[in-house]
Novice: 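Structure below; questions to follow.
Here the structure is a predicted model, which means the values were calculated and not measured. Indexing begins at 1, ligand by ligand and atom by atom, following the structure's order.
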Amino acid sequence: MQVSQLLLEEPMRLASILESSSTQGFSALTKIIGTLGPKSRSVETIEAMLNAGMTVARFDFSWGDEDYHQETLENLKKAVKNTRRLCAVMLDTVGPELYVVNEKGTPIELVEGEQVILTPDKNKQASSKVLPVNYDSLAPAVKPGDTIFIGQYLFTGSEETSVWLEVTETQGPDVICKVKNTATLTGSLFTAHASQVRIELPTLSASDLKIMSTWGVHNQIDFLSLSYTRHADDVRLARSHLSKLGDLCQTQILAKIENCEGLAQFDEILNEADGIILSRGNLGIDLPPEKVFLFQKVALNKCNFAGKPAVITRVVDSMVESPCPTRAEATDVANAVLDGTDAVLLGAETLRGLYPIETITTVRRIAAEADKVFNQAVYFKRMIKSIGEPMQHLESIASSAVRTATKVSAAVIVVFTSSGRAARLIAKYRPTMPVICIVIPRLRTDHLRWSFTGAFQARQCLVVRGLFPMLADPRHSGGSSNESILKVALDHGKAAGIVKSHDRIVVCQKVGDSSLVKIIELE
Ligand SMILES: Nc1ncnc2c1ncn2[C@@H]1O[C@H](COP(=O)(O)OP(=O)(O)O)[C@@H](O)[C@H]1O
Ligand SMILES: C=C(OP(=O)(O)O)C(=O)O
Ligand SMILES: [K+]
Ligand SMILES: [Mg+2]
């Protein structure tokens with residue numbers, strides 16, 4: 001497998017970098033996921049986040065209860081209605097996460113060289129001497145010399161509110177540690193991470209299962225973000241649970257790779273999941289720092305070749321407190337796009353940051369600049385070569401649509417789809433122009449009632465690079481009205497400023513039994 005920076009090879013005049021970026025039309029091809037929380041839950045703020053380019057909202061159950069998240073979601077629904085912008089809903093599980101509850105909420109000072117005890121005794125109050133952890137079997141799992149990290153919920157890893165501990169010994173169920181850096185733990189919830197230690201807790205906790213069947217079903221979640229996926233079986237089990245939850249049989253599973261166990265099983269997990277979240281927050285402390293970039297490049301490449309969406313996390317942490325990213329962060333976002341990410345997931349930046357809207361705008365602008373210099377020609381050739389021949393029918397149609405669109409400099413590709421499969425296959429070839437996905441609803445029954453598919457499938461396009469879904473009116477489904485639906489889509493594209501008179505459009509659809517790729521030129 002070839003992994004290299006996919007940057008345009010043409011000589012670029014450095015002065016051209018000074019030209020201002022276009023702010024019109026379909027912002028960036030790269031998608032943006034925002035975690036909603038205290039700083040991002042009013043209708044007004046969410047509307048601004050949608051207008052800035054957020055396409056998926058993440059509800060992280062590591063923090064906040066069902067009522068809290070429901071209130072936020074009701075506001076999201078209002079914001080979607082007001083802005084007329086689609087937004088997918090992602091439920092993020094707690095999983096086998098280690099945490100420390102700081103009931104009193106008062107800051108806890110830890111001093112380098114001193115001792116602190118991690119205990120499973122939940123009756124103990126968190127203090128600078130003892131920290132109660134939610135896991136009974138930590139002592140038998142660790143050995144002297146192991147590293148344990150403890151930080152504020154949605155830590156960045158570098159702040160003075162995070163601490164590194166070294167295990168010195170265990171005493172019964174307690175783990176005695178030496179503090180490696182002076183820090184002040186703040187907040188009411190700290191996440192703990194024992195580096196490269198197997199945690200014998202289920203990937204879906206009892207509380208995760210309950211929330212999926214209540215909150216998840218009630219809100220028709222589009223994505224399950226499966227925290228700490230360590231094995232393909234974790235994905236299979238989650239799928240089996242979802243399949244018993246009515247409409248959630250349509251929910252997609254994004255497996256979060258957060259530690260070395262998940263990394264070691266990556267290929268098998270990718271095979272089972274609908275997409276991958278590269279959880280650089282946790283993985284960034286489980287892996288030595290010099291290895292993180294390598295995981296990112298190889299994993300993104302594997303997702304791209306599998307035609308499954310990839311998401312990276314923890315990109316502009318410093319924007320929690322600053323309206324501008326650091327140079328390293330700005331460069332990191334662009335590199336992630338060049339490495340092949342579909343989407344960027346914002347955590348602390350939108351949940352508790354001071355600049356949730358500015359963060360989305362900044363990430364979108366950087367991603368849009370990177371989109372422009374992505375070397376699609378080289379990427380396309382590699383993809384075609386890797387598929388080999390004979391190609392599957394639809395693979396050939398999808399790649400032809402992208403090739404045709406490139407050759408005629410089409411403004412957009414329009415694809416008809418019901419399951420979303422054709423749209424994802426087109427995205428796999430990374431077209432440089434937006435792809436309007438017209439999702440045609442299909443009637444389905446579970447032998448109790450009839451319903452239409454389409455809503456899940458349309459929103460699930462919102463995590464895939466370059467896809468811009470539109471849900472067609474079910475009353476218009478059926479071959480003969482496809483022309484009128486296409487007209488609606490193009491009018492919509494015109495209004496959004498991505499298509500204009502005399503533009504060429506490539507359309508991918510089925511007429512009768514034949515799949516076809518056609519070029520149309522607007523009058
Ligand atoms: N309702 C539709 N009308 C016209 N063409 C369609 C429709 N649904 C899918 N297609 C086309 O059929 C082919 C198969 O697409 P795919 O997304 O796999 O279909 P499905 O939604 O049935 O899985 C593609 O060429 C796609 O553009
Ligand atoms: C997104 C991540 O996980 P969490 O759910 O802890 O935010 C991460 O570790 O990067
Ligand atoms: K989580
Ligand atoms: Mg994590």
Novice: With side chain to side chain contact (heavy atoms under 4.5 Å, CB included) as the criterion, how do Leu237 and Val235 come out once you've worked through the C-alpha distance, each side chain's angles and the decisive distance to 0.1 Å?
Specialist: CA-CA 5 Å; Leu237 194 63; Val235 184; over 6 Å; no
Novice: Backbone, side chain, both or neither: what part of Asn482 comes under 4.0 angstrom of ligand 1, heavy atoms only?
Specialist: side chain
Novice: I'd like to know if the side chain of Glu97 pairs up with that of Ser62 as donor and acceptor (distance under 3.5 Å, no hydrogens or angles considered).
Specialist: yes
Novice: Under 4.0 Å from any heavy atom of Cys508, which atoms of ligand 1 are there?
Specialist: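 So the atoms of ligand 1 that pass are 25 (O), 27 (O).
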Novice: Cut-off 3.5 Å, side chains only: do Ser409 and Arg504 have a donor facing an acceptor?
Specialist: no
Novice: Any heavy-atom pair between the side chains of Pro441 and Leu471 that's under 4.5 Å?
Specialist: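 Yes - at least one pair of side-chain heavy atoms lies under 4.5 Å apart.
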Novice: Can you check the angle at the K ion (ligand 3) formed by OG of Ser62 and OG of Ser227? Round it to the nearest 10°.
Specialist: 140°
Novice: Indicate, as side chain, backbone, both or neither, the part of Ser418 found under 4.0 angstrom from ligand 1 when only non-hydrogen atoms are considered.
Specialist: both
Novice: Assess the residue pair Phe223 and Val56 against the criterion (side chain to side chain contact (heavy atoms under 4.5 Å, CB included)); give the C-alpha distance rounded to whole Å, side-chain angles, the decisive distance to 0.1 Å, and a yes or no.
Specialist: CA-CA 9 Å; Phe223 299 108; Val56 181; 4.2 Å; yes
Novice: Would you call Arg442 a ligand 1 contact, heavy-atom distance under 4.0 Å?
Specialist: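 Yes, Arg442 has heavy atoms under 4.0 Å from ligand 1.
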Novice: Side chains of Lys256 and Thr229 only: does a donor on one sit below 3.5 Å from an acceptor on the other?
Specialist: no
Novice: Distance-only, no hydrogens or angles: does the Thr251 side chain make a donor-acceptor pair with backbone N or O of Leu224 under 3.5 Å?
Specialist: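 No; zero donor-acceptor contacts below 3.5 Å.
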Novice: Pairs of nitrogen or oxygen atoms closer than 3.5 Å, one from Ile440 and one from ligand 1: do any exist?
Specialist: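 There is no such contact.
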Novice: Taking the N/O/S atoms of Asp60 one by one, which is nearest to the K ion (ligand 3)?
Specialist: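 The closest N, O or S atom of Asp60 to the K ion (ligand 3) is OD1.
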Novice: Give every protein N, O or S atom lying under 2.8 Å from the Mg ion (ligand 4), naming each by residue and atom.
Specialist: Glu258 OE1, Asn282 OD1
Novice: Of all the atoms in ligand 1, which lie at a distance below 4.0 Å from a heavy atom belonging to Val415?
Specialist: 27 (O)
Novice: In ligand 1, which numbered atoms sit nearer than 4.0 Å to a non-hydrogen atom of Lys510?
Specialist: 4 (C), 5 (N), 6 (C), 11 (C), 12 (O)
Novice: Do you see a donor-acceptor pair shorter than 3.5 Å between the side chains of Arg230 and Gln265?
Specialist: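 Distance-only check fails for Arg230 and Gln265.
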Novice: Using a strict cut-off of 4.0 Å, indicate which atoms of ligand 1 neighbour a heavy atom of Ala422.
Specialist: 15 (O), 16 (P), 17 (O), 18 (O), 24 (C), 26 (C)
Novice: State plainly whether the residues Lys210 and Glu66 are in salt-bridge range, i.e. N to O under 4.0 Å.
Specialist: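 Here Lys210 pairs with Glu66 in a salt bridge, since their nearest N and O are under 4.0 Å apart.
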Novice: Side chains of Glu74 and Gln70: donor-acceptor distance under 3.5 Å anywhere?
Specialist: yes
Novice: For residues 419-436, please give each side-chain donor-acceptor pair under 3.5 Å, one per line with the distance, not counting sequence neighbours.
Specialist:
{"unit_1": "Ser419", "atom_1": "OG", "unit_2": "Arg421", "atom_2": "N", "d": "3.1"}
{"unit_1": "Lys428", "atom_1": "NZ", "unit_2": "Glu395", "atom_2": "OE1", "d": "3.4"}
{"unit_1": "Lys428", "atom_1": "NZ", "unit_2": "Glu395", "atom_2": "OE2", "d": "2.9"}
{"unit_1": "Tyr429", "atom_1": "OH", "unit_2": "Glu395", "atom_2": "OE2", "d": "2.6"}
{"unit_1": "Arg430", "atom_1": "NH1", "unit_2": "Ala427", "atom_2": "O", "d": "3.3"}
{"unit_1": "Arg430", "atom_1": "NH2", "unit_2": "Gly340", "atom_2": "O", "d": "2.9"}
{"unit_1": "Arg430", "atom_1": "NH2", "unit_2": "Asp342", "atom_2": "OD1", "d": "3.2"}

Novice: Using a 4.0 Å heavy-atom cut-off, which part of Leu394 comes near ligand 1: side chain, backbone, both, or neither?
Specialist: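 Near ligand 1, Leu394 shows its side chain, while the N, CA, C and O stay back.
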Novice: Look at Ser225 and state whether any of its N, O or S atoms is less than 3.4 Å from the K ion (ligand 3).
Specialist: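 It does not; every qualifying atom lies at 3.4 Å or beyond.
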Novice: Compute whether any side-chain donor of one residue and acceptor of the other, for Thr72 and Asn75, lie under 3.5 angstrom apart.
Specialist: no
Novice: Can any side-chain N or O of Thr406 pair as donor or acceptor with the backbone N or O of Val402 at less than 3.5 Å?
Specialist: yes
Novice: Would you kindly specify which portion of Thr417 sits under 4.0 Å from ligand 1, judged on non-hydrogen atoms: side chain, backbone, both or neither?
Specialist: both
Novice: Considering just N/O/S atoms, say which atom of Asp92 is closest to the K ion (ligand 3).
Specialist: OD1
